[in-house]
Number of protein chains: 2
Amino acid sequence: MEHYKVGEIAEKIGVNVETLRYYEKIKIMPKPKRKESRYRFYDELDLRRLLFIKRAKELGFTLKEIKELLNLKIESTATCGDIKHLAEHKLTDIEERIKDLKNIKNVLIKLINQCVCEEVSTEECPILEVIEQKII
Amino acid sequence: MEHYKVGEIAEKIGVNVETLRYYEKIKIMPKPKRKESRYRFYDELDLRRLLFIKRAKELGFTLKEIKELLNLKIESTATCGDIKHLAEHKLTDIEERIKDLKNIKNVLIKLINQCVCEEVSTEECPILEVIEQKII
DNA sequence: ATAATATCAGTAGTATAGTACGGAGTCAAG
DNA sequence: CTTGACTCCGTACTATACTACTGATATTAT
């Protein structure tokens with residue numbers, strides 16, 4: 001079994017050491033074993049857990065949600081369906097965010113297209129006018 | 001000219017009183033006039049500024065960016081083109097976020113579709129397996 | 001006049017996800 | 001054996017956008 005000091009595993013994962021201590025503090029990572037020196041020592045399991053966290057983060061899960069996923073994972077009563085629920089919930093969440101952003105995008109495009117004036121003062125800027133009066 | 005006490009204007013805008021004090025503190029709102037009682041008194045200009053802030057927030061601008069917009073607005077040397085730049089910047093920003101979210105969405109959909117197992121334990125959950133091994 | 005409501009200022013706390021710092025102890029290389 | 005790099009812990013700070021709380025005034029309603 002491989003062992004890593006905090007700096008080693010941090011580099012392997014691509015986060016910084018403080019982040020690992022932070023993860024420990026918020027209990028998304030378990031307390032690692034220690035050497036006599038009191039230095040943290042991480043093993044392969046920790047490495048896999050950290051990679052899981054990293055990937056789940058890339059999927060838009062928050063640390064809190066990732067903690068839930070990890071807890072379900074070790075709860076023997078939890079089913080794969082429980083995990084699916086969390087994923088589905090996250091999906092609607094993300095779809096909602098995409099929808100909102102698309103609306104915002106469309107309004108911004110309209111605003112920008114109304115503006116053809118490089119040299120006009122902000123007094124007459126159609127963008128500002130629109131924001132002010134919410135014409136759109 | 002209409003006048004509003006802090007609670008009145010807060011209700012009109014739909015934010016709470018503390019938020020107004022906060023906006024004052026971060027200097028996105030100017031210090032309002034005071035009555036002899038030291039109570040804040042807001043006028044139509046303040047109301048319009050607050051509505052502007054609210055709408056710009058709905059367009060995805062941060063308070064910091066809104067402050068910039070408002071500052072450009074009063075800078076007599078600023079042009080409408082300067083405003084356009086900010087809007088364009090925000091647009092690419094938002095497009096980027098949409099792109100990222102769409103990627104996440106696709107991965108989540110794939111994950112969810114792989115899972116047909118309501119009663120299977122988390123030991124064999126394909127979602128977790130995929131996150132763990134990043135097969136996708 | 002009294003009670004209820006509003007406002008005041010300043011400070012602290014919330015959530016999210018970390019980052020920075022400082023002084024002390026430990027490890028590895030020359 | 002000393003120097004530099006690494007790690008320890010606790011605390012404080014960052015950014016964003018607020019929200020909550022306290023004890024003292026002020027205003028409004030009955």
Donor on one side chain, acceptor on other, A:Glu11 and A:Tyr4, under 3.5 Å: no
Sorted by position of nearest nucleotide on DNA chain D, 5' first, the leading residue of A:Arg40 and B:Lys57 is A:Arg40
Taken to the nearest whole Å, NZ/B:Lys54 to P/D:dA17 is 16 Å
Not counting sequence neighbours, list each pair that qualifies as a salt bridge (Lys or Arg N to Asp or Glu O under 4.0 Å) and has a residue in residues 68-78 of chain A. A:Lys73-B:Glu132
Measure the distance from CD on B:Glu68 to P on D:dT16 and round it to the nearest whole Å. 11 Å
Identify, residue by residue, the members of residues 14-38 of chain B with a heavy atom below 4.0 Å from DNA chain C, and return them in order of residue number, or none. B:Arg21, B:Arg34, B:Arg38
Give the rounded distance in Å between these two atoms: CD of B:Glu8 and C1' of D:dT28. 12 Å
Take the protein atom CD1 of A:Ile9 and the nucleotide atom C1' of D:dC6, then report the distance between them rounded to whole Å. 16 Å
Which whole-number value in Å describes the distance from B:Glu11 CD to C:dT7 C1'? 15 Å
Could you state the interatomic distance from CG (B:Leu111) to NZ (A:Lys90), rounded to the nearest 0.5 Å? 13.5 Å
For side chain to side chain contact (heavy atoms under 4.5 Å, CB included), just list the numbers for B:Phe61 and B:Asp93, CA-CA rounded to whole Å, side-chain angles, deciding distance to a tenth of an Å, and then say yes or no. CA-CA 10 Å; B:Phe61 289 94; B:Asp93 193 79; over 6 Å; no
Send over the distance from A:Ile53 CD1 to C:dT16 C1', rounded to a whole Å. 15 Å
Can you list the other members of the hydrophobic cluster that holds B:Tyr39, where links are side-chain heavy atoms under 4.5 angstrom apart? B:Phe41
Should B:Glu96 and B:Lys99 be marked as a salt bridge (charged side-chain N to carboxylate O under 4.0 Å, His left out) after you check the CA-CA gap, both sets of side-chain angles, and the distance that decides it? CA-CA 5 Å; B:Glu96 189 67 26; B:Lys99 215 183 76 199; 3.8 Å; yes
Nearest-Å distance, CZ (A:Phe41) to P (C:dT26)? 14 Å
A:Tyr39 side chain, from C-beta outward: closest of C:dC8, D:dA17, C:dT26: C:dT26
Rounded to whole Å, the OH-P distance (A:Tyr42 to D:dT7) equals 10 Å
